[in-house]
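Protein chains get the first letters and strands the later ones, always in sequence-line order, with residue 1 at the start of each.
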Amino acid sequence: MADKKKKQQKLKARLPRGFTDRSPADIRATDQMVGEIRKVFERYGFDPVETPMFEYTDGLGKFLPDQDRPNEGVFSLQDDDEQWMSLRYDLTAPLARHVAENINEIQLPYRTYRAGWVFRNEKPGPGRFRQFMQFDADTVGAPGVQADAEMCMMMADTMEALGIARGDYVIRVNNRKVLDGVMEAIGLDGEENAGRRLTVLRAIDKLDRLAIEGVRQLLGEGRKDESGDFTPGAGLSATAIDQILNYTGWGESGSGASGVGGGITIDNMRRSFPDAEHVKKGCDELELIWQMAQASGYDNDRIKIDPSVVRGLEYYTGPVYEAELLFDVTNEKGETVQFGSVGGGGRYDGLVKRFTGQDVPATGFSIGVSRLMTALKNLGKFGQEDVVAPVLVTVMDGDTEAMGRYQKFAQDLRNAGVRAEMYQGNWKKFGNQLKYADRRGCPLAIIQGSDEREKGIVQIKDLIEGKRLSGEIADNVTWRESRPAQVEVAEADIVPEIVRMLGEQAEDRAKGG
RNA sequence: GCGGGCGUAGCUCAGUUGGUUAGAGCGCUGGAUUGUGGCUCCAGAGGUCGGUGGUUCAAAUCCACCCGCUCGUACCA
C-alpha cells in the first residue's frame with residue numbers, strides 16, 4: 001500500500017507545451033548561423049546592445065493584463081511591489097524603451113542589433129514555439145526612407161551570407177501609408193471602422209495562401225474552410241472589393257506578387273486610387289526605396305515592391321518589408337511545405353515617442369532565427385559539420401597514482417588542442433567503458449593496465465576501424481582476444497600518435513563523405 | 001477559439017462481438033566474460049491501459065466530461 005502510493009507520487013518528466021530542449025547539434029548550428037548574421041550587421045556598421053527578457057508590461061505596449069486573463073498572448077507576473085512584468089514578445093518594444101531611457105547618452109542615428117529569446121503565450125504548432133530566437137537590427141533616429149532601403153538591402157545580404165542563393169529568396173516591400181490610403185478611399189477611415197480595417201488587411205495578407213477567390217470571400221460575406229469553420233468577412237461592397245483586388249494587381253501580368261514588381265507595380269497602385277493622398281505619398285516613398293535598391297544593384301528578383309505585404313498590424317507607420325524563401329522545403333514527413341516569411345520589419349515612428357514625447361523615427365527588422373534554421377537545415381547549409389567526440393582515456397586501476405597518470409594523458413591531449421576525457425563512470429566494469437566510448441562516437445581510446453604500465457606503453461584503440469572489423473568476426477572470444485584495431489605506443493609518443501591517427505580518420509571522412 | 005483524428009511498458013505497436021493474471025519487438029539492468037565495443041544465449045526490472053465519472057455480474061474495450069498529442073482553420077503585437 002505504502003509502496004503503491006510512493007509509485008503514484010513519482011513525478012512525470014515533461015516539457016511545458018510549446019517549449020523545447022536544444023541538442024548539441026542544434027546549438028552549434030544556431031551559433032554558426034547567428035555568427036554569419038552578426039558579420040553582415042557589423043559590416044553595415046551596426047553595434048550590439050542587449051536588453052533583459054523581462055520588461056514592465058505597460059512598456060511593452062498594448063498588453064495590459066486584466067483581472068480575467070493576465071497572460072493572454074504574453075507571459076506576465078506581478079513583482080513584489082504589485083507591478084506587472086512580462087516576458088518580451090519581440091525585441092523592438094524593449095529597444096524603444098532602452099533608447100527612450102538613455103536618449104541623452106545615445107548618439108542618433110543609432111544603428112544597433114541584438115539576438116535574443118522572445119516569448120509568446122499562444123497555441124504552439126509544428127515549428128512554432130512559445131520561446132524562440134529573433135535577430136534584430138534597427139536604425140533609430142533616421143526619418144528618411146533611405147534607412148528603410150538600407151534595411152531591405154541588409155536583409156538580402158543576410159540571406160545570401162547564410163548560403164541562400166539569389167533567386168531562392170525575395171524581400172517584399174510595401175508601405176502602411178498606402179494601405180491607410182486605400183482604407184480611406186473605400187470609406188473605412190475613422191475609429192468606428194477599426195475592426196473592419198483589420199479584417200481587410202488580414203484578407204490582403206492571405207493573398208499568397210488563399211488566392212484571389214478566398215480573399216474576395218473574406219472581403220465580402222466571409223469564407224468557410226474545409227473543416228467547416230466560418231470566418232466572417234469585412235462585408236465590403238462589390239465595387240470596393242474590385243478596387244482592392246485591382247490595387248493588389250494579383251494575377252495581372254506585369255504587377256503584383258506574381259509579376260515583375262518595382263516601378264510597374266507602383267504605377268498600378270497609383271492608378272487604382274488616383275485621388276487618394278496617402279496612397280500617392282506612400283507610393284512616392286516606395287518609388288524612392290525601389291530606385292535606391294536598383295542603384296545599388298538589388299533588382300526585382302531580390303527586393304520587390306509587393307502590395308499584398310501587410311506585416312504587424314500595430315505599430316508600423318511607413319514602409320514594411322518581409323523576407324520570403326522561395327525554394328521548396330521538405331518537412332520530416334517528406335512533404336513539401338510552403339515556408340513563407342522568415343523575417344520582416346518596418347518603420348515604427350511612434351514607439352519611442354510613447355516614452356519621450358519627442359519624435360524619434362525608427363526602422364528595423366527581425367529574423368526568425370529558429371524558423372530560418374529549420375529551413376536551412378533542409379538545404380544542408382548548417383549543422384552538417386561533424387564535431388569529433390573526445391578521445392577516451394579508459395581507467396584500469398583505481399589507485400591514486402594510476403588515476404593521476406590517466407588524468408595526465410587526458411591533460412596532455414587537451415594542451416595539444418585535442419578533445420579528451422578520462423572515463424568518469426564505474427571504472428570496474430571495463431566493458432562498459434568501451435561501450436560508452438562506442439555510443440559517444442569516440443574516435444580513439446587509450447588503455448593502460450598494469451601490463452602496459454610496466455613497459456611504459458599504452459594501447460591506442462581505433463574504435464572506428466574496430467567497428468568496421470567487427471562485421472568480420474562472429475565469435476565473441478575471438479573478438480575479445482584479437483583486440484582489433486589496436487596499436488602499442490610508448491607513453492612519450494601518445495600525443496603525436498593520437499594527432500596522426502585523428503588526421504587519418506579525418507581524411508577518411510573527407511573521402512567517404 | 002472552432003472542427004476532425006488519436007492516447008496501452010522508456011520507444012514502436014498488438015490486444016477479436018466487453019470475459020481469467022494486459023502482450024511482442026526494440027531499449028534498459030544483471031550474468032555467461034575480475035583486462036576490450038559488435039554477435040549469441042540466459043535471467044530480471046519496467047504498466048494508475050491519459051484522467052474522472054457512468055453503464056455492466058464483468059471495461060484497455062461501451063457512454064459522458066476533462067487533459068494531452070496531432071491535422072485543418074482562426075489568431076499571431
*Asks:* Check the side chains of A:Glu465 and A:Gln505 for a donor-acceptor pair under 3.5 angstrom, ignoring hydrogens and angles.
*Replies:* no

*Asks:* Got a list of protein N/O to nucleotides 29-32 of chain B N/O distances below 3.5 Å?
*Replies:*
none

*Asks:* Hey, does the side chain of A:Arg223 reach the backbone of A:Arg216 with a donor-acceptor pair shorter than 3.5 angstrom?
*Replies:* no

*Asks:* Would one find a side-chain N or O of A:Arg202 under 4.0 angstrom from OP1 or OP2 of B:C76?
*Replies:* yes

*Asks:* For A:Asp138 and A:Tyr110, which I'm curious about, is there any donor-acceptor pair between the side chains at under 3.5 Å?
*Replies:* no

*Asks:* May I ask you to say what A:Asp397 touches in the nucleic acid, namely base, sugar-phosphate or nothing, with a heavy-atom cut-off under 4.0 Å?
*Replies:* nothing

*Asks:* Starting from C1' on B:U36, measure out to CD on A:Glu465 and report it in whole angstrom.
*Replies:* 16 Å

*Asks:* Enumerate the protein-to-nucleotides 66-69 of chain B contacts in which both atoms are nitrogen or oxygen and the separation is below 3.5 Å.
*Replies:*
unit_1: B:C69; atom_1: OP2; unit_2: A:Arg17; atom_2: NH1; d: 3.3

*Asks:* Roughly how many Å is it from OH in A:Tyr423 to C1' in B:U36, rounded to a whole number?
*Replies:* 13 Å

*Asks:* Could you check how far NZ of A:Lys224 sits from C1' of B:A74, rounded to whole Å?
*Replies:* 15 Å

*Asks:* Nearest 0.5 Å please: distance from the CD atom of A:Glu497 over to the CD atom of A:Glu488.
*Replies:* 12.0 Å

*Asks:* So does A:Trp479 get a side-chain nitrogen or oxygen closer than 4.0 Å to the phosphate oxygens (OP1/OP2) of B:G37?
*Replies:* yes

*Asks:* For A:Ile446 and B:U36, give me the distance from atom CD1 to atom C1', rounded to whole Å.
*Replies:* 15 Å

*Asks:* Applying a 4.0 Å non-hydrogen cut-off, can you work out what A:Ser450 is touching in the nucleic acid: base, sugar-phosphate, or nothing?
*Replies:* base

*Asks:* Using Watson-Crick and G-U wobble pairs whose two distances are both under 3.5 Å, how do you write the pairing of RNA chain B as dot-bracket, with | for links to another strand?
*Replies:* (((((((..((((.....[...)))).(((((.......))))).....(((((..]....))))))))))))....

*Asks:* Report the residue from A:Gln433, A:Arg439, A:Arg440 that forms a side chain to side chain donor-acceptor pair (under 3.5 Å) with A:Tyr436.
*Replies:* A:Arg440

*Asks:* Please state whether the phosphate of B:A74, meaning OP1 or OP2, lies under 4.0 angstrom from any side-chain nitrogen or oxygen of A:Arg209.
*Replies:* yes

*Asks:* Nearest-Å distance, NZ (A:Lys123) to C1' (B:G72)?
*Replies:* 9 Å

*Asks:* With side-chain contact (heavy atoms from CB on, under 4.5 Å) as the test, would you mind laying out the steps for A:Thr92 and A:Tyr315 before giving the verdict?
*Replies:* CA-CA 10 Å; A:Thr92 309; A:Tyr315 50 63; 3.5 Å; yes

*Asks:* Got a second to check how far A:Arg202's CZ is from A:Arg197's CZ, nearest 0.5 Å?
*Replies:* 12.5 Å

*Asks:* Under 4.0 Å between a side-chain N/O of A:Lys206 and OP1 or OP2 of B:C75, yes or no?
*Replies:* yes

